[in-house]
**Student:** 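This is the structure I have questions about; it appears just below.
So you know, we letter chains A, B, ... as the sequences are listed, proteins then strands, and number each from 1. Reckoned from all heavy atoms, side chains included, excluding hydrogens, waters and symmetry mates.
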Amino acid sequence: MPLRVYDTRTREKRELSTLEDGKVSMYVCGITPYSPSHLGHARCYLSFDVVHRWLEASGYDVDYVQNFTDIDDKILDISDSEGVEFSVVANRNIDDYLGVMDAMNVLRADHYPRVTETIPEIIGMISDLEEKGHAYVGDDGVYFEIDTAPEKYGQLTGQTLEMVRAGAGGRVGGTGSGKRDHRDFALWKLTKPGEPSWESPWGEGRPGWHIECSAMSLNHFGEQFDIHGGGHDLRFPHHEAEIFQSECCTGTEPVVGFWMHNGFVNIDGEKMSKSLGNFWTIREAFESHAPLALRYALLSVPYRNPIDLTPEFLDEAAMHYDRLLDAYGNSLSSQEESGIDLSGASERFSNAMNDDFNTRSAMIEVQAVVSSAPGSDVAAWLEKNAGEVLGLLPSPEEVAANLAQVESARAEVAERVESLLDERESARQSKDWARADEIRDELTSIGVVVEDGPEGPTWHLG
RNA sequence: GCACGGGUGGCAGAGUAGCUAUGCAACGGACUGCAGAUCCGUGGACCCGGGUGCAAAUCCCGGCCCGUGCUCCA
């Protein structure tokens, strides 16, 4: 089954075709580092991490670019209030982002361009747009003029010029004072004294929000590239603005082969937002959930669907994750093959991933293998599919270290447990159930779970 | 208001025309002094109304409801 990818622009799943055989150029809109990363970021970059991993597992050479919008109004607000340079705020939050992504096994992109390091390219692109008559200078900045390319409107959202002209339900306001039309958008903002700014042909200023991605992708990939990803909310205006900028600048279309957008994160059925008080940063989530258990939860819904993170949903994911780790650990320490035919599971796993990266269906296959008998072949299967493709496994070294840690904790209490168990067995022999249960309660209180079986009792640390 | 996406068992969540989804929970059985774990098994769903088809959860039309977007947003 060939790999099919859903494209927001054409609203269909299509077989992936790339500009160059065997290679994929992929650009994903990165964060604006004005605050620590939240669960919405986790969902987005986890989704595209799986895209990245599956493309590579399928034999593609992937060139993955993700930007940092390291200059922006909110960053300036925060740096002002703290009395520090804007770069201090940006760097702090970029470090936080990379740290939490590493913890969740997100592979690094190949390049992380920053707006502040792309200024010459941005200015060059705006100059080209101005020369070609697509941009004009207003009194507070340079704007893209929508009416110079009306046919490009609504490619990702289906909205028409007239609809937005009508005024977005009366909620259009606060547009730049220099705009000719409220649908036009800023390419370059002239800055106020005291703000960070760069020299340009139009005066001291800084880039508008949309132009950076066009400049970076043009700079890195050229006039066209294969996949452009980002959150569902970025379709409009951000990604439609990119289409205007890139295609009007180069005259080549389409700039992007496949537009991919991930669905949003809800908390207990409500949109996650600071105002609702249900806003979780990733680090806050780590306090109650292991990073890879959180990864398990976030990948257990296909990337385009909204995901509702309820406590029950997260707990269920954590349980499955623990089972996966147990099964992997048992299989790793197994010297023999299970003898199970894993080819059906492999095929279904691949088919699921090839169907627009359906991680949900793929993980069902993982769950089936997890509940089968352990063996070295199972370990290899899990390592490849749950590990390399889905990124759900710690390294074999970490797993071995964890097993060793559990083993030593077990050894510490083993002598006492064994003697208590002996005592309990003799109580059970004489049908002194009260005494037997008393001993079991005592063991429970020191964290030992006793399980009676046909071969006598076994125990493990709860 | 307009656009896009969605409405599937107690819960989560796949599935785009015919064949058990799956997991958790529940229930029954085996095993057990009890509990737990394990194994076997069972029931239960396709928002509403029309249409097309031999056949519709799936395609078409209409309606209702929910989510998101509509110039800060992953």
**Student:** For the side chain of A/Asp452, counting heavy atoms from C-beta on, which of B/G5, B/U22, B/G33 is nearest?
**Tutor:**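 Looking only at heavy atoms from C-beta outward on A/Asp452, the closest nucleotide is B/G33.
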
**Student:** How far, in whole Å, is B/G43 from B/C31 if one measures between their P atoms?
**Tutor:**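 Looking at atom P only, B/C31 and B/G43 are 23 Å apart.
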
**Student:** Determine whether a donor-acceptor pair (one donor, one acceptor, N or O, separation below 3.5 Å) exists between the side chain of A/Arg424 and the base of B/G33.
**Tutor:**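 A donor-acceptor contact between them is present.
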
**Student:** Should B/G53 be called syn or anti, with syn set as within 90° of 0?
**Tutor:**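 Nucleotide B/G53 adopts syn.
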
**Student:** Between B/G50 and B/G10, how many Å separate the two P atoms, rounded to a whole number?
**Tutor:**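 Per the computed distance, 24 Å lies between those P atoms.
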
**Student:** For the side chain of A/Ile364, counting heavy atoms from C-beta on, which of B/C34, B/A74, B/A21 is nearest?
**Tutor:**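 Of the candidates, B/A21 comes closest.
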
**Student:** Confirm from the modelled atom types if A/Asp72 and B/C72 form a donor-acceptor pair under 3.5 Å, side chain to base only.
**Tutor:**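 Side chain to base: no pair below 3.5 Å.
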
**Student:** Which residue in the set A/Thr116, A/Thr191, A/Asp73 passes side-chain hydrogen bond (donor to acceptor under 3.5 Å, both in side chains) when paired with A/Arg206?
**Tutor:**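 Passing option: A/Asp73.
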
**Student:** When rounded to the nearest 0.5 angstrom, what distance separates CH2 in A/Trp381 from OG in A/Ser343?
**Tutor:**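 Nearest 0.5 Å value for the CH2-OG distance: 11.0 Å.
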
**Student:** With both distances under 3.5 Å as the test, what is the Watson-Crick or G-U wobble partner of B/G62?
**Tutor:**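 Because both required distances fall under 3.5 Å, B/G62 counts as paired with B/C48.
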
**Student:** Please determine whether any donor N or O and acceptor N or O are separated by less than 3.5 Å between the side chain of A/Arg440 and the base of B/C34.
**Tutor:**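 Between B/C34 and A/Arg440, which were checked side chain against base, a qualifying N/O pair under 3.5 Å is present.
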
**Student:** Whom does B/G1 pair with, Watson-Crick or G-U wobble, provided both distances fall under 3.5 Å?
**Tutor:**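 By the stated definition (distances under 3.5 Å), B/C70 pairs with B/G1.
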
**Student:** Just so I know, are the side chains of A/Asp315 and A/His289 near enough to count as touching, which here means a heavy-atom distance under 4.5 Å?
**Tutor:**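 Yes - at least one pair of side-chain heavy atoms lies under 4.5 Å apart.
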
**Student:** Could you check A/Gly230 against A/Thr458 and say which one's nearest nucleotide on RNA chain B is further toward the 5' end?
**Tutor:**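 Between the two, 5'-proximity favours A/Thr458.
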
**Student:** So does A/Arg304 reach the base of B/G5 with its side chain, donor to acceptor, closer than 3.5 Å?
**Tutor:**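 Between B/G5 and A/Arg304, which were checked side chain against base, a qualifying N/O pair under 3.5 Å is absent.
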
**Student:** Tell me what A/Phe264 touches on the nucleic acid: a base, only sugar-phosphate, or nothing, going by heavy atoms under 4.0 Å.
**Tutor:**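 The answer is base, as A/Phe264 lies within the cut-off (heavy atoms under 4.0 Å) of a base atom.
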
**Student:** Between B/A21 and B/G44, how far apart are the C1' atoms? Round to whole Å, please.
**Tutor:**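 My reading of the C1' atoms in B/G44 and B/A21 gives 14 Å.
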
**Student:** Using the P atom as the point on both nucleotides, what is the distance between B/A30 and B/C24, in whole Å?
**Tutor:**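 One P to the other, the span is 22 Å.
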
**Student:** Give every pair of a protein N or O atom and an N or O atom of nucleotides 24-26 of chain B that lie under 3.5 Å apart, one pair per line with the distance.
**Tutor:**
from: B/C24; atom 1: OP1; to: A/Arg323; atom 2: NH1; distance (Å): 2.9
from: B/C24; atom 1: OP1; to: A/Arg323; atom 2: NH2; distance (Å): 3.3

**Student:** Under a 3.5 Å cut-off for both contacts, is B/C34 paired Watson-Crick or G-U wobble with anything, and if yes, with which nucleotide?
**Tutor:**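 In the structure as shown, B/C34 has no Watson-Crick or wobble partner.
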
**Student:** For the C1' atoms, the ones on B/C47 and on B/C66, what distance do you get once it is rounded to whole angstrom?
**Tutor:**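 It comes out at 11 Å once rounded to the nearest Å.
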
**Student:** Using a 4.0 Å heavy-atom cut-off, does A/Gly40 contact any base of the nucleic acid, only the sugar-phosphate backbone, or nothing at all?
**Tutor:**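 The residue A/Gly40 makes base contact.
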
**Student:** Are A/His111 and A/Asp63 close enough that some pair of their side-chain heavy atoms sits under 4.5 Å apart?
**Tutor:**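 Sidechains of A/Asp63 and A/His111: in contact.
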
**Student:** Check every atom of B/C4, B/C70, B/G13 against the side chain of A/Phe313 and return the nucleotide holding the closest atom.
**Tutor:**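 My answer, after comparing the listed nucleotides, is B/G13.
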
**Student:** Is there a donor on the side chain of A/Asp437 or the base of B/G33 sitting less than 3.5 Å from an acceptor on the other?
**Tutor:**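 Such a pair exists between side chain and base.
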
**Student:** Going from CE on A/Met363 to OH on A/Tyr296, what distance comes out if it is rounded to the nearest 0.5 angstrom?
**Tutor:**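 So the CE of A/Met363 and the OH of A/Tyr296 are separated by 4.5 Å.
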
**Student:** Sort out the partner of B/G28 for me: Watson-Crick or G-U wobble, both distances under 3.5 Å, none otherwise.
**Tutor:**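 In the structure as shown, B/G28 has B/C40 as its Watson-Crick or wobble partner.
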
**Student:** Rounded to the nearest 0.5 Å, how far apart are OG of A/Ser426 and CG of A/Leu421?
**Tutor:**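 That separation rounds to 10.5 Å.
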
**Student:** With both distances under 3.5 Å as the test, what is the Watson-Crick or G-U wobble partner of B/C54?
**Tutor:**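 B/C54 is paired with B/G18.
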
**Student:** As an exercise, state the distance from OH of A/Tyr34 to CG of A/Asn93, rounded to the nearest 0.5 Å.
**Tutor:**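 CG of A/Asn93 is found 9.5 Å from OH of A/Tyr34.
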
